[in-house]
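The next block holds one structure in the form of structure tokens; read it before the comments.
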Amino acid sequence: MSKLRVRFAPSPTGPLHIGGARSALFNYLLAKKNNGDFIVRIEDTDRDRSTPESEENIKDSLRWLGITWNEGIDVGGSYAPYRQMERLETYRNLAQKLIDEGKAYYCYCSEEEIERERAAQQEKGETPHYSGKCRNLTEEERKALESQGRKPVVRFRVPAGEQIHIPDLVRGDVTFDSDGVGDFVIMKSDGIPTYNFAVVVDDYTMEISHVIRGEEHLSNTPRQVLLYEALGYPTPKFAHISLILGKDRSKMSKRHGSVSVVNYKEQGFLPEALVNFLALLGWSPEKEEEIFTLEQLVEEFSLDRVSKSPAVFDMEKLRWLNGQYLRKLPIEDIAAGILPHLSPEWQNDPARLNLLAETMANHLSCFADIKELTPLIEGEMPEANEQVQEVMAGEQVPVVLQVMADKIKEMAEFTPENIRAAIKALCKETGYKGAAVYMPIRAAVTGECHGPDIDKIMALMGKEKVLARLEAAYK
RNA sequence: GGCGCGUUGGAGAAGUGGCUUAACUCACCAGCCUUUCACGCUGGCAUCCAUGGGUUCGAAUCCCAUACGCGUCACCA
């Protein structure tokens with residue numbers, strides 16, 4: 001049996017998209033699971049939109065997610081080069097071969113002419129197709145056209161009345177009629193291949209055994225299958241995975257918020273959590289457990305547990321999942337994670353930063369959440385809400401707050417431990433306990449009736465500020 | 001409009017003719033824990049599988065229509 005080889009072949013026209021990341025992941029999982037090769041190839045034939053920055057972003061994002069490739073750009077391999085613009089020779093030779101065999105032909109129609117044709121067909125309610133005008137040009141006709149300065153494209157001659165079967169590992173067999181596809185361009189007028197031609201050539205020459213990609217490519221597949229046949233290549237196995245949808249059930253796009261992997265990185269999501277979440281979108285584990293490391297995913301993954309129907313991206317679940325991973329992290333890592341979302345001063349006091357991390361850990365879904373939490377200790381006293389007013393109206397309140405303030409003044413070190421001990425002593429001395437003492441203190445210090453542990457909050461706030469608030473409250 | 005794919009709860013989904021009185025996870029609700037919130041724990045949450053027909057002793061599971069959703073129809077990938 002030949003080796004399983006899969007590939008992720010993005011075009012570098014923007015940052016790595018969440019859907020692309022999932023395609024990459026599924027390819028990666030299948031490869032690892034079967035001891036195969038995972039290749040990353042760059043489809044950069046769109047000269048107008050491809051940028052080196054995008055390629056860097058895609059590579060960085062994949063690496064950040066832990067999706068590594070054992071062959072392809074940067075790492076090399078025996079099927080190099082792995083950038084399509086570096087493989088033009090191959091495409092040109094093969095296109096020539098198709099022309100020589102009469103399976104493809106030069107077309108001199110201008111884009112305007114084609115556009116006019118399309119519009120006319122559309123008006124008549126027909127499916128827009130290339131008319132086949134240049135299908136049988138003679139040598140003289142070609143010369144004449146060329147002397148007008150026209151640069152030809154190469155079109156593939158689509159056979160008529162053929163049923164095209166696509167064996168798809170997730171969708172079953174899908175059939176298309178060749179009459180539904182017009183003669184399509186395989187080489188643009190500038191000598192660069194189109195996507196449909198380049199993928200086929202590359203997938204074959206790189207000996208790709210399984211093509212796993214998004215469902216949006218399904219309707220392209222008949223063209224590619226036709227090309228495989230014309231070139232005399234065996235077709236690989238296909239697996240078209242369903243789309244990721246936004247909340248409104250349309251294909252996930254910028255309108256739905258963060259779509260690129262870096263967005264999630266910047267917001268302080270953990271790569272392990274994102275990978276786990278992405279895997280659960282369209283694939284379901286056999287077991288009841290849903291939390292998996294990449295290694296476990298490799299172990300559990302199987303294409304026949306991939307769903308046919310599209311999945312809605314549920315931010316709430318991602319946040320929950322991320323929180324699960326985040327809470328397992330050592331305090332130092334959480335501290336490091338929240339630091340970029342904090343004002344710069346925090347950098348200078350690692351002990352205090354660690355205390356902050358420890359205090360807030362349970363309240364974070366992702367690191368950026370810290371921004372909503374710090375006002376509690378750094379911000380101004382919020383206006384007293386109804387609940388706070390109610391708490392502060394208790395008859396024990398002045399005594400409790402005053403004793404607390406006194407104890408704080410005597411405190412040598414303002415630490416959570418000392419604060420806790422002081423509250424305990426306060427209970428003993430005053431005879432008040434439980435909510436009767438904790439609530440007024442919390443309300444007086446934070447202006448809220450709930451939040452993280454009050455001893456830690458106070459320690460983070462600092463002696464001065466706490467004392468000032470306490471005194472302001474009982475005077 | 002043509003072609004293609006899909007449709008199980010608010011979301012992800014299991015389920016492939018009887019073991020399903022439809023797993024599990026998120027969300028939601030309730031209780032417990034806790035000074036409070038959060039974390040955590042326990043329990044609840046689809047008499048029903050888009051709709052209508054059919055096949056069958058028996059259907060979410062097979063067949064046919066209809067509806068709805070999405071994708072795609074480029075010298076973009």
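Convention: sequence-line order gives letters A, B, ...; per-chain numbering from 1. Below, all heavy atoms of this structure are taken into account, side chains as well, without hydrogens, waters or symmetry copies.
Separating the CG atom of A/Leu321 from the P atom of B/A27 is a distance of 11 Å, rounded to the nearest angstrom. A/Arg223 places its CZ atom 14 Å from the P atom of B/G4, with the value rounded to the nearest Å. Whole-Å rounding puts the A/Asp183 CG to B/A74 P distance at 13 Å. When rounded to the nearest whole Å, the span between CG of A/Leu245 and C1' of B/U7 equals 12 Å. Atom-to-atom, NZ of A/Lys308 to C1' of B/G71 comes out at 16 Å; the value is rounded to the nearest Å.
A salt bridge links A/Glu56 with A/Lys59; the closest basic N to acidic carboxylate O contact falls under 4.0 Å. At a threshold of 4.0 Å, the pair A/Lys133-A/Glu117 does not count as salt-bridged, since none of the basic side-chain nitrogens sits closer than that to a carboxylate oxygen. Using a cutoff of 4.0 Å between basic side-chain nitrogens and carboxylate oxygens, A/Arg41 and A/Glu43 are scored as salt-bridged.
Between the C1' atoms of B/U61 and B/G2, the separation comes to 31 Å (whole Å).
In the displayed structure, A/Lys237 atom NZ is contacted under 6.0 Å by at most 12 heavy atoms of other residues, nucleotides or ligands. Around atom CD of A/Glu417, more than 12 heavy atoms belonging to other residues, nucleotides or ligands sit under 6.0 Å away. More than 12 heavy atoms of other residues, nucleotides or ligands lie within 6.0 Å of CD in A/Gln148, so this atom counts as buried by the packing criterion. More than 12 heavy atoms of other residues, nucleotides or ligands lie within 6.0 Å of CD in A/Gln389, so this atom counts as buried by the packing criterion.
You'll find the ring centres of A/Phe301 and A/Phe26 inside the 6.0 Å limit. Checked against the 6.0 Å centroid criterion, the rings of A/Phe197 and A/Phe184 do not qualify as a close aromatic pair.
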What protein N or O atoms touch nucleotides 75-77 of chain B N or O atoms at under 3.5 angstrom, if any, and at what distances?
from	atom 1	to	atom 2	distance (Å)
B/C75	O2	A/Ser189	N	3.0
B/C75	O2	A/Ser189	OG	2.9
B/C75	N3	A/Ser189	OG	3.2
B/C75	N4	A/Cys109	O	3.4
B/C76	OP2	A/Lys188	NZ	2.9
B/C76	O2'	A/Asp46	OD2	2.7
B/C76	O2'	A/Arg49	NH2	3.4
B/C76	O2	A/Arg49	NH2	3.4
B/A77	OP1	A/Thr45	OG1	2.8
B/A77	OP1	A/Lys188	NZ	2.7
B/A77	OP2	A/Tyr195	N	3.1
B/A77	O3'	A/Glu43	OE1	3.0
B/A77	O2'	A/Ser11	OG	2.9
B/A77	N6	A/Asn220	OD1	3.1
B/A77	N6	A/Asn220	ND2	2.6
B/A77	N1	A/Asn220	ND2	3.0

Please tabulate, one pair per line, each protein N/O and nucleotide N/O from nucleotides 8-16 of chain B that are separated by under 3.5 Å, including the distance.
from	atom 1	to	atom 2	distance (Å)
B/G12	OP1	A/Arg249	NH2	3.4
B/G12	OP1	A/Val312	N	3.1
B/G12	O2'	A/Leu280	O	2.8
B/G12	N2	A/Glu290	OE2	3.0
B/A13	OP1	A/Gly282	N	2.8
B/A13	O3'	A/Ser284	OG	3.4
B/A14	OP1	A/Ser284	OG	3.2
B/A14	O3'	A/Arg305	NH2	3.3
B/G15	OP1	A/Arg305	NH1	3.0

- Annotated protein contacts, base or backbone, on nucleotides 32-45 of chain B with a non-hydrogen cut-off under 4.0 Å, one of B, S, - each: ---BBBBSS-----

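Pairs of Watson-Crick or G-U wobble type, with distances under 3.5 Å, assemble into runs of 3 or more in RNA chain B at these ranges: B:1-7 with B:67-73, B:10-12 with B:24-26, B:28-32 with B:40-44, B:50-54 with B:62-66.
Closest non-hydrogen pair, A/Leu321 versus A/Leu280, comes out as CD2-CD2, 4.5 Å.
Listed by first and then second residue, the side-chain hydrogen bond (donor to acceptor under 3.5 Å, both in side chains) pairs that reach into residues 435-458 of chain A are A/Arg420-A/Asp455, A/Asp453-A/Lys456, sequence neighbours excluded. Listed by first and then second residue, the side-chain hydrogen bond (donor to acceptor under 3.5 Å, both in side chains) pairs involving residues 267-281 of chain A are A/Ser258-A/Gln267, A/Asn276-A/Tyr325 (not counting sequence neighbours).
Ranked by how close their nearest RNA chain B nucleotide is to the 5' end, A/Glu289 and A/Thr175 are led by A/Thr175.
Here the options are A/Glu86, A/Gln84, A/Glu55, the test is side chain to side chain contact (heavy atoms under 4.5 Å, CB included), and the partner is A/Asp44; only A/Gln84 passes.
Residue A/Lys251 places at least one side-chain N or O under 4.0 Å from the OP1 or OP2 atom of B/U72.
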